[in-house]
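Notes for the one structure printed next.
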Amino acid sequence: MERVKANFKASLELALPGQEILLERPKGADMGDFAFPCFRAAKALGKNPAQIAQELAASLQIEGAEILATGPYLNLKLHPQVRARLLLEAVLGPVPFGSAPAHAETVLVEYSSPNIAKLFTIGHLRSTMIGHTLAQVNRYLGCQVQRLNHLGDWGTQFGTLLAAYKRWAEQQNPRLDQDFEWSEETAEKHRTPLFRLFQLYVRFHQEEESQPEMRDEARSWFKRLEGGDAEARRLWTWFRQVSLAEFQRIYDRLGVAFDAMDGEAFYEDKLNSAIEQMRNAGILEEGEGGAQIVRLEDMGIQTPSIMLKADGTSIYATRDLAAALYRQKTYGFDRCLYVVGSDQVLHFQQLFAVLAKLDPWFKGRLTHTPFGMIKLPEGKMSTRKGNVVFLEDVLDEAVTRVLAVIEEKNPELPHKEAVAEMLGMGAVVFFDAMNDRVKPITFTWDRVIALDGDTGPYVQYAHARILSVLRKAGATWVDKARPTATPDAAIVPYSCEAIPPSLLGLEDPAAQTLLFELAGLPDAIRSVQRENMATALARQLVAIAKAFSGFYTNCPILWAENSPEVRDSRLLLCVATARALRQGLFLMGIKAPEEMWWENWWQT
RNA sequence: GCGCCCGUAGCUCAGCUGGAUAGAGCAUCAGGCUUCGAACCUGAGGGUCGGGCGUUCGAAUCGCUCCGGGCGCACCA
């Protein structure tokens with residue numbers, strides 16, 4: 001497929017010397033596989049674009065394809081047989097479809113980064129799953145990826161927590177294992193020490209509004225913590241431990257993992273040298289009220305970056321700076337992506353500006369990948385105010401709804417719970433990717449857990465139907481659509497399949513459309529890497545699933561016109577589609593059940 | 001007030017390094033299961049791409065401006 005494209009491009013370069021040849025993907029299979037818009041060439045040559053297209057169509061020849069002038073476009077359209085052969089070779093060949101060979105580029109992806117002592121909300125899902133997808137895709141495309149979880153385990157919030165614990169918990173419930181008499185538990189499953197910590201945090205902020213002096217209490221506790229106070233340290237360690245245990249449970253459920261979990265506290269002993277570097281560079285100065293700041297007006301940023309507060313303690317900017325310097329030394333990265341919400345754009349602009357002043361090496365290597373916040377219909381979510389939607393509640397609700405559908409449509413299905421888990425997760429995670437833009441999302445249960453239409457379960461359903469057909473065709477066919485071994489972090493490995501000489505039965509327009517959409521997958525994967533958004537991949541998977549449905553309803557597979565050759569080519573197309581869907585979902589962290597059925601190849 | 005982001009079908013959103021007739025899903029309406037999974041498919045209606053001006057052979061896409069919404073703006077992260 002790539003060879004034909006390169007061939008086409010080379011021919012055009014020969015025919016139009018000096019012109020830059022940019023090939024596009026036509027809108028549909030009937031128009032062709034590659035398109036060359038003639039507008040620019042027309043302008044340069046002072047001719048009508050449609051006329052140029054016709055002249056080129058008459059003069060160019062590519063084996064196995066027609067070259068057609070369609071208005072101002074010159075389209076290369078492969079013969080159906082050739083298209084089928086090239087595509088099946090690409091999907092079923094030895095190289096994972098759409099992947100790229102390993103190369104030396106090192107990409108750091110910082111994502112998830114929850115705050116200790118707070119619970120995972122639906123808001124954390126975005127950073128976690130977008131980051132996971134970016135990490136997977138970059139690895140698939142041959143980059144050396146480091147997945148970093150920059151845990152929020154340091155800062156004034158711990159002062160808040162320590163102060164709150166001392167005030168209300170130490171006497172009443174020092175181990176946080178039972179209810180506070182002043183609180184209302186929300187649900188049985190939240191009755192954990194971490195949830196009690198969360199309650200302390202919320203209460204502190206509520207009372208702080210009427211008693212501003214409590215803020216100083218919190219700040220002084222953080223100062224004690226940063227100063228090495230033994231009691232503060234002991235409690236901090238324990239809070240952290242309690243939190244990590246619950247985070248891990250959620251990561252396991254989401255199938256997300258990290259190469260490093262160095263939180264903010266990890267950089268504590270690296271802050272001084274970072275401050276020193278800034279001082280030596282002469283960019284640190286004293287601002288209003290005695291804080292140490294870096295002025296950034298010359299970089300077009302009016303708000304200076306605070307590096308040390310007036311009381312001498314560090315701030316998140318200090319720790320982010322130290323982290324970047326540490327990563328420079330440790331990984332020598334080419335790119336570092338920060339998958340963090342759009343409410344922090346200014347912070348990252350400041351951070352990148354300070355780093356660029358400190359060392360030009362950083363220029364162009366740092367990218368903030370912002371995403372829109374998730375709002376509730378009644379307004380912004382705020383952990384402090386306690387009006388949040390917890391991620392686990394969303395996942396549980398999704399699974400419950402899927403289970404209800406199963407009971408209705410397929411009550412005999414074995415392993416219902418496991419299948420429901422995969423589909424519920426798929427619905428929530430896929431929804432997030434479909435809308436991966438900077439716009440804020442208003443959370444409503446029905447939207448996030450939709451199961452019909454352009455959703456994860458739609459794609460998963462297409463996959464399950466394919467496997468159902470293959471099961472009826474025989475065990476060897478099922479095996480072709482199954483991974484051959486445990487996948488590594490980004491690649492589901494499949495066996496290489498020989499393509500038979502005859503590929504009858506794929507000339508039907510529905511089959512050709514499916515081939516065309518499959519051919520769009522590599523571009524979609526590259527687009528994820530380029531745009532740092534999962535949207536293109538999610539939408540291409542829907543397009544493939546939709547095209548499969550068309551193929552499935554229009555082309556009989558198992559009893560295809562009494563022709564074994566037709567049957568085999570169509571089965572092969574099914575295998576290719578199943579692999580593409582499964583691989584694509586896998587990159588997004590979504591599992592594809594075979595019968596909406598339990599399977600456990602990824603666990604061992 | 002200043003800065004950044006966003007206004008596309010009734011609803012939720014794609015499409016944005018300018019290019020083919022602006023596309024999906026949901027909802028509504030009309031059809032399709034004695035045959036490979038109907039968690040599906042086929043069709044219909046539905047649009048001043050927020051308004052205006054500009055650049056261009058060509059603008060949803062680029063620039064300016066106005067309107068509407070979100071976020072941020074020095075010791076939280």
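Remember, it's a predicted structure, so these values are computed and weren't measured experimentally. In the text below, chain A, chain B and the rest are named by the order of the sequence lines, each starting its count at 1.
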Quiz item: Counting only Watson-Crick or G-U wobble pairs whose two distances fall under 3.5 Å, which nucleotide matches B:rC49?
Solution: none

Atom pairs, N/O to N/O, protein against nucleotides 66-72 of chain B, distance under 3.5 Å?
residue : atom : partner : partner atom : Å
B:rG72  : OP1  : A:K380  : NZ           : 2.8

Quiz item: Between B:rA20, B:rA24, B:rU12, which one does the side chain of A:R447 approach most closely?
Solution: B:rU12

Exercise. Considering just the side-chain nitrogens and oxygens of A:Y461, establish if one lies under 4.0 Å of OP1 or OP2 belonging to B:rA39.
Key: yes

Quiz item: Are OP1 or OP2 of B:rC41 and a side-chain N or O of A:Y458 less than 4.0 angstrom apart?
Solution: yes

Quiz item: With a 4.0 Å cut-off on heavy atoms, is A:R437 in touch with a base, just the backbone sugar-phosphate, or nothing at all?
Solution: base

Self-check item: For B:rU28, the Watson-Crick or wobble counterpart (both distances under 3.5 Å)
Solution: B:rA44

Exercise. Select base, sugar-phosphate, or nothing to describe what A:G289 touches, counting heavy atoms under 4.0 Å on all strands.
Key: base

Quiz item: So what does A:A35 touch, heavy atoms closer than 4.0 Å: a base, only the sugar-phosphate, or nothing?
Solution: base

Self-check item: Side chain of A:V405 (C-beta onward), nearest among B:rA39, B:rA14, B:rC41
Solution: B:rA39

Pick out the pairs of N or O atoms, protein on one side and nucleotides 29-36 of chain B on the other, that lie under 3.5 Å.
residue : atom : partner : partner atom : Å
B:rC36  : O3'  : A:K472  : NZ           : 3.2
B:rC36  : O2   : A:I557  : N            : 3.4
B:rC36  : O2   : A:L558  : N            : 2.9
B:rC36  : N3   : A:I557  : N            : 3.0
B:rC36  : N4   : A:Y552  : O            : 2.4
B:rC36  : N4   : A:C555  : O            : 3.0

Quiz item: Hey, is A:K9 close enough to A:E24 for a salt bridge, meaning N to O under 4.0 Å?
Solution: no

Quiz item: If the C1' atom of B:rA9 is compared with that of B:rG23, how far apart are they to the nearest Å?
Solution: 11 Å

Quiz item: What nucleotide among B:rC57, B:rA20, B:rA24 has an atom nearest to a side-chain atom of A:K43?
Solution: B:rC57

Exercise. Determine which nucleotide pairs with B:rC16, using a 3.5 Å limit on both distances of a Watson-Crick or G-U wobble pair.
Key: none

Quiz item: Applying a 3.5 Å limit to both distances, which nucleotide forms a Watson-Crick or G-U wobble pair with B:rG7?
Solution: B:rC67

Quiz item: Can you find an N or O donor on one side and an acceptor on the other, under 3.5 Å apart, linking the side chain of A:N75 with the base of B:rA20?
Solution: yes

Quiz item: Which part of the nucleic acid, if any, lies within reach of A:I441 when heavy atoms closer than 4.0 Å are counted: base, sugar-phosphate only, or nothing?
Solution: nothing

Quiz item: Does a side-chain N or O from A:K409 land closer than 4.0 Å to OP1 or OP2 of B:rC40, or not?
Solution: no

Quiz item: For A:I406, which contact category applies under a 4.0 Å heavy-atom criterion: base, sugar-phosphate, or nothing?
Solution: base

Quiz item: Could you go step by step and tell me if A:K416 and A:E407 meet the salt bridge (charged side-chain N to carboxylate O under 4.0 Å, His left out) rule?
Solution: CA-CA 9 Å; A:K416 289 177 199 173; A:E407 290 300 343; 3.1 Å; yes

Quiz item: Can A:R203 and A:E208 be said to form a salt bridge (charged side-chain N to carboxylate O under 4.0 Å, His left out), step by step?
Solution: CA-CA 8 Å; A:R203 182 176 182 193; A:E208 177 192 73; over 6 Å; no

Quiz item: Which of the following nucleotides, B:rG25, B:rC40, B:rA20, is nearest to the side chain of A:D454?
Solution: B:rG25

Quiz item: Do A:F239 and A:F158 have their ring centres less than 6.0 Å from each other?
Solution: no

Practice problem: Classify the nucleic acid contact of A:R319 as base, sugar-phosphate or nothing, counting any heavy atom under 4.0 Å across all strands shown. | Solution: sugar-phosphate

Practice problem: Between B:rA74, B:rC5, B:rC40, spot the one nearest the side chain of A:D452, thanks. | Solution: B:rC40

